[in-house]
> 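After the structure tokens below, expect a handful of questions from me.
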Amino acid sequence: MGKERIIVHVDLDYFFAQAEEREHPEYAGRPIIVCVYTDIERGRGVVSTANYAARAFGVRSGMPIFEARKLAQGKDAIFLPGNYELYERLSAGIGEIVARYGDTFEQASIDEFFLDLTARCDGDYTKAKEIAEKIKADIFAKYKLTCSIGIGPNKLVAKIASDFKKPDGLTVILPEKVQEFLDPLPIDKILGIGRKTKEYFEARGIKTVRDLRETGAAILIEEFGKTIGNWLYAAARGIDDSPVGLIEGQKQFSRIKTLKEPSDNLDEIIKELDQLVKEVIAEMKRNEVWCKTVGINAVDINMRMHTKSKTLSHPTDEPEILLKRIVELYSELLDEVRLPMRRIGVRVENFESVKGQRKLEEF
DNA sequence: TCAATGCACGC
DNA sequence: CCCTTTTGCATTGA
């Protein structure tokens, strides 16, 4: 009785930059750097994705654009703003291809997909590998894009495996090889271990998954709480029972904007808020929901993030009501934090479906 | 239950 | 030449 699953993780290689290579054959061979611009004239912002030609001289995701420009000096590099409509369109088409091959499908992000092949392959990893090869061939035939695929007994292992050989890789980790595969890897390969957690462990001499495995469950729970502690304990052992499957509707929408110049003037801020509120309301309308909670997030000139939120007595998607609340929250914030704000944002959450609302009214 | 905060994450 | 954006989750404290 096969209790063992076979899970596939498909990761599109340097996706945004590869999509641009595909759209612009004339850029062939040149370094491509896709950016998130906050001020396109002054060239402010960060690097979103760079192709391998750009990575070769040190350009990385999240790097300020001016830094990337320094590294790219004399390298004939191309800097582009993101064309998200293009990426969404490609992503949707590729998702369709991937989904066809499995029993259960999950789009984890714009460039990542999970597939459950348990029933389709009946425990046979050779079959799973053949399917993965077909997925790669199909995606390349239709879109001329490469991806890296990982196969393992669960999502955790499949995702780490897809990252193991890039670009255009295919890595299969048999169940009996999982521990051997994970043990020497740095702990931040594990989903959920980021900069802070890595620092915490490194200060204690814990660098690899093997080191982490030797840390007792009690200590992990003590330090990180029940949920994350238990997850880390299991993950170090290659254990992950999370199912591949549909993700429920979104729970929040937010929009943030970096101001041209930091400001602590409420009127100036209100001018910008108007547009942001419009955008989150448009998202609510698309999803046919009303929000019960409205909030703000702002980053001050010292790069400290501040948040405030207010739960309303009735769910709504009315611009006037939302904007009024948001202005109140900003007014309070500026009173408390007497610093100019560099970024300002709005957030809506705690949704109720409009349909559900109609239903309630029928009672 | 609500509000604030922090971490992760990947583009 | 400083340092984006979006969402989700967990924790904590009232």
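We use all heavy atoms of the structure for the numbers below, so side chains are in, but hydrogens, waters and symmetry mates are not. Chain A is the first sequence line, chain B the second, and so forth, proteins listed ahead of strands; every chain is numbered from 1.
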> Would you measure the distance from the C1' atom in C:dT5 across to the matching atom in B:dA8 and give it in whole Å?
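Approximately 14 Å lies between the C1' atom of C:dT5 and that of B:dA8.
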
> What is the separation between atom CD on A:E261 and atom P on C:dC1, rounded to the nearest whole Å?
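Nearest whole value for this atom pair: 15 Å.
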
> List, one per line, each side-chain donor-acceptor pair under 3.5 Å for residues 85-95 of chain A, sequence neighbours excluded.
{"unit_1": "A:Y87", "atom_1": "OH", "unit_2": "A:E20", "atom_2": "OE2", "d": "2.6"}
{"unit_1": "A:Y87", "atom_1": "OH", "unit_2": "A:N83", "atom_2": "N", "d": "3.1"}
{"unit_1": "A:S91", "atom_1": "OG", "unit_2": "A:Q107", "atom_2": "NE2", "d": "2.8"}
{"unit_1": "A:S91", "atom_1": "OG", "unit_2": "A:I110", "atom_2": "O", "d": "2.7"}

> Please state how far atom NZ in A:K257 lies from atom C1' in C:dT6, giving the value in whole angstrom units.
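Interatomic distance, NZ of A:K257 to C1' of C:dT6: 17 Å.
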
> Donor-acceptor pairs are to be reported for all side-chain atoms of residues 333-341 of chain A against protein atoms at under 3.5 Å, with residues two or more places apart or in another chain.
{"unit_1": "A:E336", "atom_1": "OE1", "unit_2": "A:K308", "atom_2": "NZ", "d": "3.1"}
{"unit_1": "A:E336", "atom_1": "OE2", "unit_2": "A:K308", "atom_2": "NZ", "d": "3.0"}
{"unit_1": "A:R338", "atom_1": "NH1", "unit_2": "A:D335", "atom_2": "O", "d": "2.9"}

> Check the distance between C:dC1's C1' and A:I40's CD1 and give it to me in whole angstrom.
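Rounded to the whole Å, the gap is 16 Å.
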
> Under 4.0 Å between a side-chain N or O of A:T38 and OP1 or OP2 of C:dT4?
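So the side chain of A:T38 is outside the cut-off, no N or O lying under 4.0 Å from OP1 or OP2 of C:dT4.
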
> Name the closest nucleotide to the A:R255 side chain, picking from C:dT5, C:dT7, C:dC3.
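Nearest nucleotide to the side chain: C:dT7.
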
> Can you build the contact string for nucleotides 3-11 of chain B? Use B for base contact, S for sugar-phosphate-only contact, and - for no protein heavy atom under 4.0 Å.
SSBSSSSSS

> If I take atom CD in residue A:Q107 and atom C1' in nucleotide C:dT7, what distance separates them, rounded to the nearest angstrom?
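After rounding, the gap between these two atoms is 15 Å.
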
> Do A:L220 and A:L212 come close enough that some side-chain heavy atom pair is under 4.5 Å?
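Yes, side chains in contact.
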
> Heavy-atom nearest nucleotide on DNA chain C for A:F66 versus A:T258: which residue maps closer to 5'?
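Mapping each residue to its closest nucleotide by heavy atoms, the 5'-most match is A:F66.
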
> What is the distance, rounded to the nearest whole Å, between atom CG of A:N297 and atom P of C:dT7?
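In whole Å, C:dT7 P and A:N297 CG are 11 Å from each other.
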
> Which pairs would a plain distance check flag for residues 163-171 of chain A, meaning a side-chain donor or acceptor within less than 3.5 Å of a matching protein atom at least two apart in sequence or in another chain?
{"unit_1": "A:D163", "atom_1": "OD1", "unit_2": "A:K166", "atom_2": "NZ", "d": "3.1"}
{"unit_1": "A:D163", "atom_1": "OD2", "unit_2": "A:K189", "atom_2": "NZ", "d": "2.7"}
{"unit_1": "A:D168", "atom_1": "OD1", "unit_2": "A:K136", "atom_2": "NZ", "d": "3.0"}
{"unit_1": "A:T171", "atom_1": "OG1", "unit_2": "A:A161", "atom_2": "O", "d": "3.4"}

> Across nucleotides 8-14 of chain C, 5' to 3', mark each nucleotide with B, S or - according to how protein heavy atoms within less than 4.0 Å reach it.
BSSS---

> When you compare C:dT4 with B:dC9, how far apart are their C1' atoms, in angstrom units rounded to a whole number?
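Comparing C1' positions in C:dT4 and B:dC9 gives a spacing of 13 Å.
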
> The criterion is side chain to side chain donor-acceptor pair (under 3.5 Å); which residues satisfy it with A:E328, sequence neighbours excluded?
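Checked A:E328 against side chain to side chain donor-acceptor pair (under 3.5 Å); matches are A:R325.
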
> Would A:R69 count as a cation-pi partner of A:F79, with NZ or CZ less than 6.0 Å from the six-membered ring centre and within 45° of the ring normal?
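Yes, A:R69 lies over the aromatic ring of A:F79.
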
> Please report, rounded to the nearest Å, how far the P atom of C:dT5 is from the CD atom of A:Q275.
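The answer, rounded to whole Å, is 14 Å.
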
> Distance check needed: C:dT6 C1' versus A:E283 CD, whole Å only.
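That distance rounds to 10 Å.
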
> Hydrophobic clustering (ILVMFWY, side-chain heavy atoms < 4.5 Å, transitive) - are A:Y14 and A:I33 grouped together?
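No, because A:I33 and A:Y14 fall into different hydrophobic clusters, even though each may have its own neighbours under 4.5 Å.
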
> Run the side-chain donor-acceptor check on residues 221-235 of chain A: report pairs under 3.5 Å with partners two or more places apart or on a different chain.
{"unit_1": "A:E223", "atom_1": "OE1", "unit_2": "A:Y200", "atom_2": "OH", "d": "3.3"}
{"unit_1": "A:N230", "atom_1": "ND2", "unit_2": "A:K226", "atom_2": "O", "d": "3.1"}
{"unit_1": "A:W231", "atom_1": "NE1", "unit_2": "A:L191", "atom_2": "O", "d": "2.9"}

> If you look at every strand shown and take non-hydrogen atoms under 4.0 Å, does A:R44 touch a base, only sugar-phosphate, or nothing?
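Counting heavy atoms under 4.0 Å across all strands, the contact made by A:R44 is with sugar-phosphate only.
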
> Ignoring backbone atoms, test whether A:R342 places a side-chain nitrogen or oxygen under 4.0 Å from the OP1 or OP2 oxygen of C:dT4.
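A:R342 to C:dT4 OP1/OP2: side-chain N or O found under 4.0 Å.
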
> Rounded to whole angstroms, how far apart are CD1 on A:I296 and P on C:dT7?
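Result: 17 Å.
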
> Holding to salt bridge (Lys or Arg N to Asp or Glu O under 4.0 Å), I want the full list of residues that pass it with A:R255, two or more places apart in sequence or in another chain.
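For A:R255 the salt bridge (Lys or Arg N to Asp or Glu O under 4.0 Å) partners, ignoring immediate neighbours, are A:E279, A:E283.
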
> My understanding is that only residues two or more places apart in sequence, or in another chain, count here; which of them pass side chain to side chain donor-acceptor pair (under 3.5 Å) with A:T258?
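Partners of A:T258 by the side chain to side chain donor-acceptor pair (under 3.5 Å) criterion come out as none, since no residue qualifies.
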
